[in-house]
Amino acid sequence: MQLARSLLGCVVVRVAPEGTLTAGAIVETEAYDGPADLASHARFGRTARTAPMFGAGGHAYVYLIYGLHTCLNVVSGPEGRAGAVLVRALAPLLGEAVMRERRGRPHDAAARLAAGPGRLTQALAIGRELDGHDLTLPHQLWLAGPPAAISRRLRQDGIAVGPRIGVAYAGPRWATRPWRFGWRGHAALSRPFPGAAGEAGRGEP
DNA sequence: ATAGGGATTCTC
DNA sequence: AGAATCCCTATT
């Protein structure tokens with residue numbers, strides 16, 4: 001959970017094989033724990049797919065969801081201890097035009113280009129070939145610490161906390177755990193946080 | 001071998 | 001509200 005919080009404001013840098021550079025600041029994350037966490041892919045123990053989750057921290061865990069979308073995770077903790085943070089949304093910093101072209105949606109607002117785990121990986125051209133990739137080295141895909149200006153703005157706006165998305169199957173105990181973190185009020189959030197100002201749910205009688 | 005389901009997104 | 005889509009997991 002510490003990692004999920006501290007990743008907010010950090011910059012994801014991607015250099016695609018063609019040399020195309022894209023980058024964005026993380027505005028939303030979700031924490032997933034080890035085998036005890038019934039919402040985590042680690043709940044079945046170590047398998048071929050989830051092996052990176054059990055590996056050394058600072059590496060990527062990239063998987064395919066719903067047969068169509070790719071999700072990027074940052075592995076946490078020491079080797080042997082499963083855990084990862086899903087990166088759910090980025091605020092674009094570099095390569096907006098490239099992201100828009102990759103998304104194939106010319107009319108999308110800049111802040112929406114990487115708002116959501118699937119959109120994010122599409123905008124940065126992150127595929128399963130990067131599964132297990134070391135994110136601490138400046139090669140292909142890596143993480144940079146939060147720039148001072150971004151860090152300052154994040155501090156001013158605050159961090160919103162809420163339950164994780166799409167994990168109802170894990171049962172109430174795990175589905176309601178407040179392990180989703182976001183830059184409060186940011187336009188690049190994948191969706192609003194419950195109780196967050198500015199966007200209410202359905203009207204209440 | 002095969003069935004069931006999903007850390008999503010877009011359109012109707 | 002519902003489809004698209006395919007890999008992973010579990011079961012036979």
Side-chain angles (χ1 to χ4, degrees), chain A residues 1 3-5 7-8 12 24 26-55 57 59-77 82-90 92 99-133 135 160-183 187-194 199 201-203:
Chain A
M1 325 312 126
L3 178 64
R5 287 188 94 100
L7 279 176
L8 293 176
V12 178
I26 298 175
V27 301
E28 184 182 343
T29 59
E30 275 179 9
Y32 287 85
D33 206 354
D37 178 3
L38 296 185
S40 172
H41 287 179
R43 66 188 181 279
F44 297 117
R46 184 181 194 137
T47 67
R49 177 178 68 145
T50 62
M53 277 193 78
F54 291 79
H59 287 239
Y61 168 46
V62 181
Y63 67 91
L64 185 70
I65 188 66
Y66 296 129
L68 1 158
H69 297 110
T70 303
C71 292
L72 170 67
N73 297 251
V74 180
V75 175
S76 70
V85 173
L86 171 65
V87 185
R88 287 190 55 90
L90 298 180
M99 293 187 194
R100 199 169 271 119
E101 185 177 0
R102 283 178 180 149
R103 297 259 315 126
R105 288 171 188 280
H107 298 304
D108 277 5
R112 302 266 88 199
L113 291 172
R119 292 172 172 179
L120 180 162
T121 52
Q122 189 179 17
L124 298 203
I126 295 170
R128 298 217 323 139
E129 71 279 2
L130 291 167
D131 191 28
H133 181 83
L135 297 171
V161 182
R164 295 176 290 184
I165 304 293
V167 296
Y169 63 85
R173 175 185 169 85
W174 292 100
T176 60
R177 219 139 254 219
W179 286 354
R180 177 180 175 227
F181 303 92
W183 182 320
L189 289 174
S190 68
R191 54 178 94 175
F193 278 75
E199 174 89 18
R202 295 297 161 144

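Chain letters run A, B, ... following the sequence lines, proteins first, then strands; residues in each count from 1.
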By the 4.0 Å heavy-atom rule, please label [X] as base, sugar-phosphate, or nothing.
X        : answer
A:Arg49  : sugar-phosphate
A:Arg180 : nothing
A:Leu64  : sugar-phosphate
A:Ser190 : nothing

Value rounded to 0.5 Å, distance of [atom1] in [X] from [atom2] in [Y]:
X        : Y        : atom1 : atom2 : result
A:Phe181 : A:Phe193 : CZ    : CZ    : 9.0 Å
A:Trp179 : A:Met1   : CH2   : CE    : 4.0 Å
A:Asp33  : A:Arg43  : CG    : CZ    : 13.5 Å
A:Asp37  : A:Arg173 : CG    : CZ    : 10.0 Å
A:Leu7   : A:Ser76  : CG    : OG    : 9.5 Å
A:Arg105 : A:Gln122 : CZ    : CD    : 8.0 Å

How many Å lie between [atom1] on [X] and [atom2] on [N], as a whole number?
X        : N      : atom1 : atom2 : value
A:Arg105 : B:dT8  : CZ    : C1'   : 13 Å
A:Leu72  : B:dT8  : CG    : C1'   : 15 Å
A:Arg46  : C:dA10 : CZ    : P     : 16 Å
A:Asp131 : B:dA7  : CG    : C1'   : 15 Å
A:Ile65  : C:dA4  : CD1   : P     : 18 Å
A:Arg88  : B:dT8  : CZ    : P     : 5 Å
A:Arg191 : B:dT8  : CZ    : P     : 7 Å
A:His69  : C:dC8  : NE2   : C1'   : 18 Å

List the residues meeting side-chain hydrogen bond (donor to acceptor under 3.5 Å, both in side chains) with A:Thr47, not counting sequence neighbours, and say none if there are none.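 Partners of A:Thr47 under the side-chain hydrogen bond (donor to acceptor under 3.5 Å, both in side chains) test: A:Thr50.
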Heavy atom of residues 108-128 of chain A under 4.0 Å from DNA chain B: which residues?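 Under 4.0 Å from DNA chain B: A:Gly116, A:Pro117, A:Gly118, A:Arg119.
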Any residue of residues 165-177 of chain A with a heavy atom less than 4.0 Å from an atom of DNA chain B: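 The stretch gives A:Ile165, A:Gly166, A:Val167, A:Tyr169 as the residues lying under 4.0 Å from the strand, ordered by number.
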Should A:Tyr63 be counted as stacked on B:dA7, where stacking needs a ring-centre gap under 5.5 Å and an angle between planes under 30 degrees?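 Per 5.5 Å and 30° rule: no stacking.
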Partner set under side-chain contact (heavy atoms from CB on, under 4.5 Å) for A:Pro52, not counting sequence neighbours: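 In terms of side-chain contact (heavy atoms from CB on, under 4.5 Å), with neighbours along the sequence ignored, A:Pro52 is linked to A:Tyr61, A:Asp131.
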Main-chain N/O of A:Gly132 paired with A:His59 side-chain donor or acceptor, under 3.5 Å: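 Flag set: sc A:His59 to bb A:Gly132 pair under 3.5 Å.
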Please determine, for the side chain of A:Thr47, which listed nucleotide (B:dT11, C:dT9, C:dA4) has the closest atom?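 Nucleotide nearest to A:Thr47's side chain: C:dT9.
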Let me spell it out: for each of A:Gly45 and A:Leu68, pick the nucleotide of DNA chain C with the closest heavy atom. Which residue's pick is nearer the 5' end?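 With A:Gly45 and A:Leu68 compared, the 5'-side residue is A:Leu68.
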Is the charged tip of A:Arg164 near the ring of A:Tyr32: under 6.0 Å from the six-membered ring centre and within 45° of its axis?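 Yes, A:Arg164 and A:Tyr32 form such a contact.
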With a 4.0 Å limit, can you tell me whether A:Arg103 has a side-chain N or O closer than that to the phosphate oxygens OP1/OP2 of B:dT9?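 For B:dT9, neither OP1 nor OP2 has a side-chain N or O of A:Arg103 closer than 4.0 Å.
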Looking at B:dA7, I'd like to know if its phosphate oxygens (OP1 or OP2) sit under 4.0 Å from a side-chain N or O belonging to A:His41.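 For B:dA7, OP1/OP2 do have a side-chain N/O of A:His41 under 4.0 Å.
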Show me, range against range, the stems involving DNA chain B, built from at least 3 consecutive Watson-Crick or G-U pairs below 3.5 Å.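 So far as stems of 3 or more pairs are concerned, DNA chain B shows B:1-6 with C:6-11, B:8-11 with C:1-4.
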Side chain to side chain, A:Leu86 and A:Thr29, heavy atoms closer than 4.5 Å: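 A:Leu86 does not reach A:Thr29 side chain to side chain.
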For residues 107-121 of chain A, which side-chain N or O atoms pair as donor and acceptor with protein atoms under 3.5 Å away, sequence neighbours left out?
unit_1, atom_1, unit_2, atom_2, d
A:Asp108, OD2, A:Arg103, NH2, 3.4
A:Arg112, NE, A:Ala187, O, 3.4
A:Arg112, NH2, A:Ala187, O, 2.9
A:Arg112, NH2, A:Leu189, O, 2.2
A:Arg119, NH1, A:Ala115, O, 3.2
A:Thr121, OG1, A:Thr70, O, 2.7
A:Thr121, OG1, A:Pro117, O, 3.4
A:Thr121, OG1, A:Gly118, O, 3.0

